[in-house]
Amino acid sequence: MPLQLYNSLTRRKELFEPLIPGYVRMYVCGPTVYSHSHVGHAKSYVSFDVLVRYFRFIGNKVLYVQNITDVGHLLDDGEDRMLKQSRLEHQHPMQIAEAIARSYFEDMDALGLVRPDISPRATGHVLEQIAIVQSLLEKEFAYEVNGSVYFDVRTFKEYGRLSGRTLEEAVGGTRVESRSEKRYPEDFALWKRAEPEHIMRWPSPWGEGFPGWHVECSAMSMKYLGETFDIHGGGLDNQFPHHECEIAQSVCATGKPFARFWLHNNLVTVNGQKMSKSLGNFVTLKDLFTKYDPIVVRFFILQSHYRSTLDFSEQALDGARSGFERLQNAVQNLRAALARAEQEGRKGGSHCDAVAYDRQIRDALDDDLNAPQAIGALFELSKEMNALLASGSSVSLESLRSVDNVYRKYGQDVLGIVPEVPGSSRSENLENKLMDLLTTMRNEARKQKNFQISDRIRDGLKELGVTLEDRKEGTVWKKE
RNA sequence: GGCGCCGUACCCAAGUGGUAAGGGAGAGGUCUGCAAAACCUUUAUGCGGCGGUUCGAAUCCGCCCGGCGCCUCCA
């Protein structure tokens with residue numbers, strides 16, 4: 001089954017093929033860098049990370065662009081959120097932007113995300129934004145008032161297609177007082193006049209000012225991906241107005257189609273309510289990572305579909321952690337068995353049909369990136385292998401290798417929930433050597449029934465946060 | 001008020017016409033000097049409620065109840 005993706009533009013799953021065969025051009029709305037990332041950001045970026053990984057896995061080259069918004073994102077009262085934060089922290093806005101951008105990458109790296117190929121900043125692309133605004137003015141899709149430029153939404157008949165609303169509806173339901181400067185309440189700012197106290201300002205044909213929020217994404221996506229590209233992604237809460245406005249200004253500026261596929265991830269909820277900064281119910285990733293391993297958070301996120309809401313709770317996270325550990329154990333068991341089989345040069349043995357699971361996982365991912373279903377299949381495979389290994393039957397080298405291959409391909413490369421080396425008992429360092437020494441001594445003591453010594457070793461290690469487990473295959477240790 | 005989404009076991013969560021994936025928790029078991037872990041088995045005659053369409057519905061249609069999102073900054 002070829003890859004199908006749900007396109008918000010058409011409201012249905014569509015066969016996805018890049019415009020240029022074998023080359024996917026993709027843009028995802030990145031963070032506004034004024035405060036640390038929370039679980040909601042993680043859901044969005046983890047989802048698109050899996051998409052990028054999957055595109056590459058099935059043989060495409062991908063150019064993945066994700067912006068960093070460091071100007072123009074306004075609050076209700078018209079204040080730039082970057083400037084507000086800078087005022088609160090007594091720092092230059094670019095200081096905030098730099099610190100938060102670093103924090104963002106730190107968090108995303110921890111979650112195992114593949115970095116975007118290009119991470120352009122809005123402040124670095126003011127010229128490109130001005131060029132779009134100028135083009136829109138020339139073509140009379142926009143108008144200037146007192147040093148600000150607005151997009152005239154009535155000139156674009158497709159306005160509202162993405163979000164499924166018509167101008168009449170929108171204006172009827174608008175709860176915001178219309179800005180007197182605008183010709184029409186739904187018109188949106190392309191360029192804003194900077195008041196004297198406004199620090200972030202650039203010269204423009206209309207005087208000193210700063211770009212509107214939406215236009216940066218049009219400028220940066222088209223600069224690096226071309227006027228028409230394959231995929232534009234982002235959070236569902238950006239569908240309107242942000243993405244609607246992007247489409248309007250891009251299509252009108254170039255006269256060409258903009259993004260072909262629009263993908264929207266759903267939101268993280270807490271007790272059924274959206275996790276957001278304004279509600280104050282958000283959990284920053286940095287806080288979360290003190291309690292949960294980032295890869296557990298990633299696993300938790302991927303256990304629900306990207307287009308479903310994900311309800312956040314400690315109980316759910318704890319459940320994910322246990323499930324994650326179960327999968328790691330299964331992979332460890334399998335690899336230990338594989339190592340033994342390779343050592344003995346095993347010929348023959350019982351069979352496990354990894355191909356069926358491979359197929360199942362491929363089908364799940366091809367169907368609008370159904371990661372939870374793919375994970376379900378990985379667990380079923382694990383259960384079958386565990387049972388086979390526990391029964392004591394010797395599994396054929398070929399089967400063991402093909403199962404390991406499924407873990408590597410999907411668990412590791414595509415989903416990123418199986419580390420290169422699961423668990424902590426394998427790498428070669430002093431810690432490992434010391435632990436080997438201690439566990440060997442302890443097992444010798446146990447053989448001699450000197451349990452005073454053996455328990456003293458185990459209890460002592462426990463106090464240091466190291467747990468020993470005596471398994472059939474030998475003793476393994478884990479750090480808390 | 002307009003547009004849209006969701007309601008599946010104690011918790012999280014797939015499934016969108018063919019007779020309920022998966023994970024956690026609980027229960028039972030294997031292993032074991034003890035402990036812990038690991039592993040196995042097991043757990044929804046039913047998918048918010050009521051009608052309808054169909055040989056057949058969690059899945060389609062209608063109504064109702066409950067919750068949420070967007071319409072204003074948010075991934």
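On a predicted model such as this, the values are computed, not experimentally measured, just so you know.
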Is there a ring-ring contact (aromatic ring centres under 6.0 Å, His included) between A:Phe379 and A:Tyr357? Walk through the geometry before answering. CA-CA 10 Å; A:Phe379 273 105; A:Tyr357 291 100; over 10 Å; no
Between B:U19 and B:G56, how many Å separate the two P atoms, rounded to a whole number? 16 Å
Any side-chain donor-acceptor pair under 3.5 Å between A:Ser218 and A:Glu246? no
Side chain of A:Gln315 - closest among B:A13, B:C39, B:C11: B:C11
In whole angstrom, what separates A:Leu365's CG from B:A14's P? 14 Å
Does A:Arg458 get its side chain close enough to the base of B:A35, under 3.5 Å, for a donor-acceptor pair? yes
Residue that, paired with A:His232, satisfies ring-ring contact (aromatic ring centres under 6.0 Å, His included) out of A:Tyr64, A:Trp262, A:Phe261: A:Trp262
Partner nucleotide, any strand, of B:U53 [Watson-Crick/G-U, under 3.5 Å]: none
Under a 3.5 Å cut-off for both contacts, is B:G33 paired Watson-Crick or G-U wobble with anything, and if yes, with which nucleotide? none
Using the ring of A:Phe48 (Phe, Tyr or Trp, six-membered ring only), decide whether A:Lys43 places NZ or CZ under 6.0 Å from its centre and within 45 degrees of its axis. no
Quick one: do A:Asp293 and A:Arg321 satisfy salt bridge (Lys or Arg N to Asp or Glu O under 4.0 Å)? Show the steps, please. CA-CA 8 Å; A:Asp293 190 317; A:Arg321 174 159 57 195; over 6 Å; no
Any strand, both distances under 3.5 Å, Watson-Crick or G-U wobble: B:G1 pairs with B:C71
Kindly say whether, by distance alone, the side chain of A:Asp318 makes a donor-acceptor pair under 3.5 Å with the base of B:G23? no
Whole angstrom value for the distance that separates C1' of B:G4 from CZ of A:Arg161: 17 Å
Determine the contact category for A:Asp311: base if any of its heavy atoms lies under 4.0 Å from a base atom, sugar-phosphate if only primed atoms, P, OP1 or OP2 are that close, otherwise nothing. sugar-phosphate
Taking the same atom, C1', in B:U8 and in B:A57, what whole-Å distance lies between them? 14 Å
Report yes or no: is the cationic atom of A:Arg183 (NZ for Lys, CZ for Arg) under 6.0 Å from the centre of the six-membered ring of A:Tyr150, at an angle within 45° of the ring normal? no
Where the side chain of A:Asn329 is defined as all heavy atoms beyond and including C-beta, which of B:A35, B:A75, B:C39 is the nearest nucleotide? B:C39
Indicate, with a heavy-atom threshold strictly under 4.0 Å, whether A:Tyr45 touches base, sugar-phosphate, or nothing. sugar-phosphate
What distance, rounded to whole Å, do you find between the two C1' atoms, one in B:C39 and one in B:G17? 38 Å
Roughly how many Å apart are B:U59 and B:C6, using the P atom of each and rounding to a whole number? 13 Å
When the distance from CG of A:Asp367 to P of B:A14 is rounded to whole Å, what number comes out? 13 Å
What interatomic distance, in whole Å, is found between C1' of B:C40 and the corresponding atom of B:C31? 11 Å
Which of the following nucleotides, B:G33, B:A13, B:C39, is nearest to the side chain of A:Phe451? B:G33
Which of the following nucleotides, B:G23, B:C34, B:C70, is nearest to the side chain of A:Arg446? B:C34
Kindly indicate whether a cation-pi arrangement holds for A:Arg446 with A:Phe451, taking the cut-offs as under 6.0 Å to the six-membered ring centre and within 45° of the axis. no
Find out whether A:Phe289 and A:Asp107 are in side-chain contact, i.e. whether some heavy atom of one side chain is under 4.5 Å from a heavy atom of the other. yes
When all nucleic acid strands are considered with a 4.0 Å heavy-atom cut-off, which category describes A:Ser304: base, sugar-phosphate, or nothing? sugar-phosphate
Under 4.0 Å, counting only non-hydrogen atoms across every strand here, what does A:Thr309 touch: a base, just sugar-phosphate, or nothing? sugar-phosphate
5′-ward residue of the pair A:Lys383/A:Gly376 relative to RNA chain B: A:Gly376
Using atom C1' in both nucleotides, what's the gap between B:A20 and B:U45 to the nearest angstrom? 10 Å
Just N and O in the side chain of A:Asn370: are any of them under 4.0 Å from OP1 or OP2 of B:G15? yes
In whole angstrom, give me the gap between the C1' atoms of B:G7 and B:C12. 15 Å
Select one nucleotide: of B:A13, B:G23, B:G33, the one nearest the side-chain heavy atoms of A:Arg442. B:G33
A:Glu469 side chain, from C-beta outward: closest of B:A37, B:G15, B:G23: B:A37
Grab the CG-C1' distance between A:Asp237 and B:C5 for me, whole Å please. 14 Å
Phosphate contact (B:A14 OP1 or OP2) by A:Ser308 side-chain N/O below 4.0 Å: yes
Expressed as a whole number of Å, how far does the C1' atom of B:G69 sit from that of B:G23? 27 Å
Between CG of A:Asn386 and C1' of B:G23 the distance, given in whole Å, is 14 Å
What does A:Lys43 touch in the nucleic acid at a heavy-atom separation under 4.0 angstrom: a base, only the sugar-phosphate, or nothing? nothing
Any idea how A:Tyr159 and A:Phe240 line up, ring-wise: parallel (<30°), tilted (30 to 60°), or perpendicular (>60°)? perpendicular
Tell me which nucleotide among B:G69, B:A13, B:C40 gets nearest to the side chain of A:Leu267. B:G69
Pairing check on B:A58: which nucleotide meets the Watson-Crick or G-U wobble criteria with it, both distances under 3.5 Å? none
Value in whole Å for how far the P atom of B:G67 lies from CG of A:Leu279: 16 Å
Taking the nucleotide of RNA chain B with the nearest heavy atom to each, does A:Ala377 or A:Tyr306 sit closer to the 5' end? A:Tyr306
For B:G66, which nucleotide in any strand shown is its Watson-Crick or wobble partner with both distances under 3.5 Å? B:C6
Does OP1 or OP2 of B:C40 have a side-chain N or O of A:Arg326 closer than 4.0 Å? yes
Nearest whole angstrom, please: distance from the P of B:A35 to the CG of A:Asp459. 13 Å
What is the separation between atom CD on A:Gln239 and atom P on B:C68, rounded to the nearest whole Å? 20 Å
Are OP1 or OP2 of B:U16 and a side-chain N or O of A:Lys13 less than 4.0 angstrom apart? no
So what does A:His264 touch, heavy atoms closer than 4.0 Å: a base, only the sugar-phosphate, or nothing? nothing
NA contact type, A:Gly234, heavy-atom cut-off 4.0 Å: base, sugar-phosphate, or nothing? sugar-phosphate
The side chain of A:Phe379 lies closest to which of these nucleotides: B:C39, B:G23, B:C70? B:G23
Describe the nucleic acid contact of A:Val268 in one word from base, sugar-phosphate, nothing, applying a heavy-atom distance below 4.0 Å. base
Whether A:Phe188 and A:His214 hold their rings parallel, tilted or perpendicular, with breakpoints at 30° and 60°: perpendicular
Which one, B:A75, B:G23, B:C39, comes nearest to the side chain of A:Gln303? B:G23
Out of B:C68, B:A13, B:A21, whichever nucleotide has its closest atom nearest the side chain of A:Glu380: B:A21
Looking at A:Asn265, does any N or O in its side chain come under 4.0 Å of the phosphate oxygens OP1/OP2 on B:A75? no
Answer yes or no: does a side-chain N or O of A:Lys277 lie under 4.0 Å from OP1 or OP2 of B:A75? yes
